[in-house]
Amino acid sequence: MKRIEGISIENIKEWLEGIDKFNATPEQGAGTTRLVFSPEEIGARDYMKSVMREIGLTVEEDGIGNIFGSLEGTKPELAPVWSGSHIDTVLHAGMFDGMTGIVAAVEALRAIKDSGERPQRTLKAVIFTSEEPTRFKNGCLGSRAMAGELTYEDCERLTDDQGITLAKQMEMLGYRKEDFSKVCKKQGDVHAMVELHIEQSEKLEQKNLQVGIVKAITAYRTMMFHLKGKQDHAGGTMMSIRRDTVCAMAEIISAAERLAKETGRYETVATVGKIDVYPNATNIISGDTSFSLDLREDDREVQMQVLGKILDFAKKVTKERGIQMSYETFYDDLPAIASPHILSVIEDVCEKENVTYQYMRSGAGHDSQLVSRFAPYAMIFIPCREGISHNPAEHAKYEDIVTGTKVLYETLRQLANEEVE
Ligand code: HGY
Ligand code: MN
Ligand code: MN
């Protein structure tokens with residue numbers, strides 16, 4: 001089928017490498033760092049907006065910075081079909097997590113436009129604001145606001161490590177408070193959402209499959225714990241009278257690992273990735289320590305049981321040590337089940353195009369998780385080398401991205417020609 005051959009590996013390569021130039025850690029081996037609303041991320045946003053305009057898409061932005069590149073359909077009154085992902089990264093990331101879904105969406109729309117066909121529904125390539133929780137500790141901020149799960153008051157509370165709130169940062173960039181309320185979407189506003197993403201685990205590569213059809217995204221909860229003990233002298237303070245918050249934290253962290261393993265389920269994962277010790281000196285017993293807990297499980301009940309055990313253990317340890325503990329939950333996203341209809345469309349396309357595939361779940365969180373609150377979604381995974389991600393060594397083959405984009409193209413084309421809501 002001529003049109004399917006329209007996917008350009010050159011465009012995909014050029015755009016991914018073009019985005020990657022906007023990087024706060026360009027030094028050799030340091031990977032890519034592009035935090036939301038940083039100068040680098042603004043540069044990457046501007047770059048992709050110019051690419052969208054160049055290929056003839058109409059570019060708009062909403063009150064929290066979600067960007068839409070639209071290819072108008074013959075029946076613009078019908079709810080549009082979306083495809084997209086995120087352009088911000090974690091610290092020292094690779095160049096494919098998120099960005100692959102953006103360039104695939106833009107290239108699919110370009111190929112549909114250049115094929116001369118005009119589907120009925122408008123197609124929108126979407127760049128969601130701040131999928132990663134790196135800067136403001138809460139993630140999927142753009143899609144969360146769309147889902148009505150992030151208020152402007154939340155934006156006035158979310159603060160980065162320099163004490164700048166999300167609201168202040170948005171104001172400094174010219175986003176107006178009165179536009180924030182228009183971000184919210186309701187059921188029926190979007191006909192379908194299809195996000196292409198690297199798999200971020202090793203199953204497709206191990207089985208030599210070209211595409212993963214994602215039927216569910218795991219439950220994903222992120223918290224910060226704060227321990228207050230007694231700052232003291234490392235040499236003059238006997239072990240028996242210490243209220244050492246680092247030792248308490250160490251016990252809690254190893255308990256979180258043990259309790260996650262004890263479920264015997266590979267879906268249960270607990271991670272402590274961010275630790276702040278004050279004042280962080282070799283000869284001071286710290287009386288003020290904070291640490292994150294990222295706890296995920298496809299089964300919400302299991303996730304809550306593990307959380308309960310971690311909290312009980314932490315309360316016991318801190319009580320015995322005379323340490324005060326507090327904690328806050330930044331987000332607590334429920335599992336997102338994909339649309340059976342969209343899954344079947346993707347599967348049909350794979351069958352017809354002889355693309356090898358398997359159904360799978362996602363242990364990573366994605367904007368689609370929040371979009372699923374107001375629209376049917378499904379995801380297309382492509383393999384990444386050894387499943388590595390959130391690491392400068394993250395890598396995907398351009399040929400694999402092209403194959404995934406071909407499946408995305410045909411899926412979007414079919415969804416955009418569906419009359420029925
Ligand atoms: O952590 C995740 O799953 C995503 O990268 N925010
Ligand atoms: Mn990520
Ligand atoms: Mn991602």
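As the structure is a prediction and not an experimental result, all values here were calculated from the model. Every number for a ligand or one of its atoms is a count from 1 in the order of the listing.
Distances from the Mn ion (ligand 3) show that D97 has an N/O/S atom below 2.8 Å. Within the coordination shell of the Mn ion (ligand 3), defined by N, O or S atoms under 2.8 Å, H86 is present.
At the shortest separation from atom 4 (C) of ligand 1 among protein heavy atoms lies E131 OE2, 3.3 Å. Counting only heavy atoms of the protein, atom 1 (O) of ligand 1 lies nearest to R296 NH2, 2.8 Å.
The Mn ion (ligand 2) lies closest to atom OE2 when only the N/O/S atoms of E132 are considered.
The residues E132 and R34 are annotated as not salt-bridged, no charged nitrogen and carboxylate oxygen being separated by less than 4.0 angstrom. Between D114 and R110 there is a salt bridge, with a side-chain nitrogen of the basic residue lying less than 4.0 Å from a carboxylate oxygen of the acidic one.
Relative orientation of the H366 and H197 rings is perpendicular, given thresholds of 30° and 60° on the angle between their planes. Ring pair Y175/F37 is tilted by interplanar angle, where 30° to 60° counts as tilted.
Using a 3.5 Å distance cut-off with no hydrogens or angles, the side chains of S290 and H226 do pair a donor with an acceptor.
Inclusion of H390 in the set of residues having an N or O under 3.5 Å from an N or O of ligand 1 is warranted. For A364, no nitrogen or oxygen atom sits less than 3.5 Å from a nitrogen or oxygen atom of ligand 1, counting backbone and side chain alike. Ligand 1 has no nitrogen or oxygen under 3.5 angstrom from a nitrogen or oxygen of Q200.
Contact annotation: the side chain of L158 approaches that of L141 to within less than 4.5 Å [non-hydrogen atoms, C-beta and beyond].
In Y278, the OH atom is not crowded: 12 or fewer heavy atoms of neighbouring residues, nucleotides or ligands sit closer than 6.0 Å.
Ligand 1 places these atoms under 4.0 Å from at least one heavy atom of E132: 4 (C), 5 (O), 6 (N). Residue G365 has at least one heavy-atom neighbour below 4.0 Å for each of these atoms of ligand 1: 2 (C), 3 (O), 4 (C).
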